[in-house]
Protein chains: 2
Amino acid sequence: MRIGIIYNVSGHHENWSGRALESLQAEGLRNGGSRRAVIEHLGAQPCCHSAQEIFDDIRGQGKRIGIASVYRALEQLVELDLVQRVELGDGIARFEPAHAGGEHHHHLVCDDCGRIEPFSDPGLEKTLTAVAERLHCGMRSHEVILHGSCAACLTAAL
Amino acid sequence: MRIGIIYNVSGHHENWSGRALESLQAEGLRNGGSRRAVIEHLGAQPCCHSAQEIFDDIRGQGKRIGIASVYRALEQLVELDLVQRVELGDGIARFEPAHAGGEHHHHLVCDDCGRIEPFSDPGLEKTLTAVAERLHCGMRSHEVILHGSCAACLTAAL
DNA sequence: ATACGTGCAAAGTATTTGCAAACGG
DNA sequence: CCGTTTGCAAATACTTTGCACGTAT
């Protein structure tokens with residue numbers, strides 16, 4: 001099944017791109033066109049996208065870029081904790097800006113229509129922190145995936 | 001990084017294999033040697049394994065099996081909700097018996113040593129149910145992945 | 001000037017598919 | 001028997017790597 005995207009969460013960080021570019025500069029990395037294009041693309045997205053989607057979109061803007069550069073940029077950004085890599089169960093890795101504060105979101109995958117719906121829940125975050133505490137593990141990130149039917153498919157099934 | 005396994009959760013369902021074989025029979029499916037071998041292997045494992053690991057283990061017992069049969073069996077079992085497919089962030093799909101009752105577990109991935117530690121938490125399950133309720137989604141399964149350091153690596157780092 | 005960044009093409013893995021032979025009921 | 005299941009090999013899909021050339025600093 002093809003997995004698509006539903007944009008329901010509007011609050012993506014306004015200036016994640018700027019922060020990311022600064023972080024790279026602080027690392028002594030240069031500012032070539034491809035990595036910058038990937039960062040700008042990610043910063044404009046409210047939810048996760050695959051390397052292929054990012055590549056296609058950037059090419060669609062008429063820019064010349066290779067898919068290898070997309071993967072290389074993503075790898076570096078993940079390494080610096082600026083990007084979170086997400087695997088939702090269809091064998092394709094997706095990537096989205098990692099937000100430092102409480103703007104974290106998770107994903108609901110609709111097994112009927114394949115769409116991805118982001119959601120967030122403060123109680124869930126608190127519970128996860130408590131669980132990590134109990135396990136005595138140094139939790140650096142976490143990821144929750146709900147599988148089922150999205151609200152739209154549930155309604156349509158009536 | 002290579003991801004390995006830590007076996008810390010002992011309570012895997014005693015007779016999952018039997019139930020799975022019955023379900024297949026009820027579906028009118030036949031009982032060939034390869035699918036049965038995959039089911040018996042899964043039933044004996046406390047945590048998730050990749051298709052390649054399952055294949056290697058079955059071959060190691062001297063049985064003749066093709067990796068395509070492993071993938072085909074897993075696909076059917078996932079379809080019937082007898083097996084849960086899990087992706088932990090390294091691009092390899094893993095599979096484990098899906099337990100109907102409350103014996104569900106989740107995964108802590110140690111980013112230092114690569115091991116996978118299963119854990120369970122009743123409070124977490126309740127929170128997830130509540131979240132699904134609030135989202136009005138028909139939740140059929142869910143998956144939580146914690147990334148960080150396992151207790152052993154935290155201790156070693158002192 | 002020099003080391004890092006990039007595009008392309010080739011290689012590497014994980015997974016799926018085609019097919020003829022083997023097998024279960 | 002007849003349709004399912006299987007092993008093998010080939011094909012596919014996603015991702016990584018090698019390398020020569022371009023570019024930022």
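Order of the sequence lines fixes the chain letters, A, B, ..., with proteins taken first and strands second; residue numbering starts at 1 for each chain. In this text the structure is predicted, and so the values were computed from the model without any measurement.
- Bracketed by its first and final contacts, the part of DNA chain C lying under 4.0 Å from non-hydrogen atoms of chain B reaches from C:dA14 to C:dG25 in 5' to 3' order.
- A:C113 is listed as a side-chain neighbour of A:C150, based on a closest heavy-atom distance under 4.5 Å.
- For the helix from C:dA1-D:dT25 to C:dG25-D:dC1, the terminal axes (five pairs an end, C1' atoms, rotation from four pairs onto the next four) enclose an angle of 30°, given to 10 degrees.
- Among pairs with a residue in residues 149-158 of chain A, none fulfils salt bridge (charged side-chain N to carboxylate O under 4.0 Å, His left out), at least two apart in sequence or across chains.
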| request: Go along nucleotides 9-17 of chain D 5' to 3' and tag each nucleotide: B for a protein heavy atom under 4.0 Å from its base, S when only backbone or sugar atoms are that close, - otherwise. | output: -----SBBB
Protein-nucleotides 22-25 of chain D N/O pairs under 3.5 Å:
unit_1 : atom_1 : unit_2 : atom_2 : d
D:dA24 : N3     : A:R30  : NH1    : 3.2

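- Counting only residues at least two apart or on different chains, the salt bridge (charged side-chain N to carboxylate O under 4.0 Å, His left out) pairs with a member in residues 20-36 of chain B are B:R36-B:E40.
- Rounded to whole Å, atom C1' of D:dT6 lies 15 Å from atom CZ of B:R36.
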Acceptor/donor pairs from residues 126-137 of chain B side chains to any protein atom, 3.5 angstrom cut, sequence neighbours excluded:
unit_1 : atom_1 : unit_2 : atom_2 : d
B:T127 : OG1    : A:T127 : OG1    : 3.2
B:T127 : OG1    : B:G123 : O      : 2.9
B:T129 : OG1    : B:E125 : O      : 2.9
B:R134 : NE     : A:D121 : OD2    : 3.2
B:R134 : NH2    : A:S120 : O      : 2.8
B:R134 : NH2    : A:D121 : OD2    : 3.1

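- Here B:R140 pairs with A:D112 under the salt bridge (charged side-chain N to carboxylate O under 4.0 Å, His left out) rule; sequence neighbours left out.
- For A:H142, the ring-ring contact (aromatic ring centres under 6.0 Å, His included) partners at least two apart in sequence or on another chain are A:H104, A:H106.
- Note on B:R59: only backbone sugar-phosphate atoms sit closer than 4.0 angstrom, heavy atoms only; bases stay farther off.
- Applying the side-chain hydrogen bond (donor to acceptor under 3.5 Å, both in side chains) test to pairs two or more places apart or on separate chains, those with a residue in residues 54-69 of chain A are A:H41-A:D57, A:Q52-A:D56.
- Legend: residues meeting salt bridge (charged side-chain N to carboxylate O under 4.0 Å, His left out) with A:R85, ordered by chain and number and at least two apart, are A:E87.
- Residues passing the salt bridge (charged side-chain N to carboxylate O under 4.0 Å, His left out) test with A:E143, sequence neighbours excluded: none.
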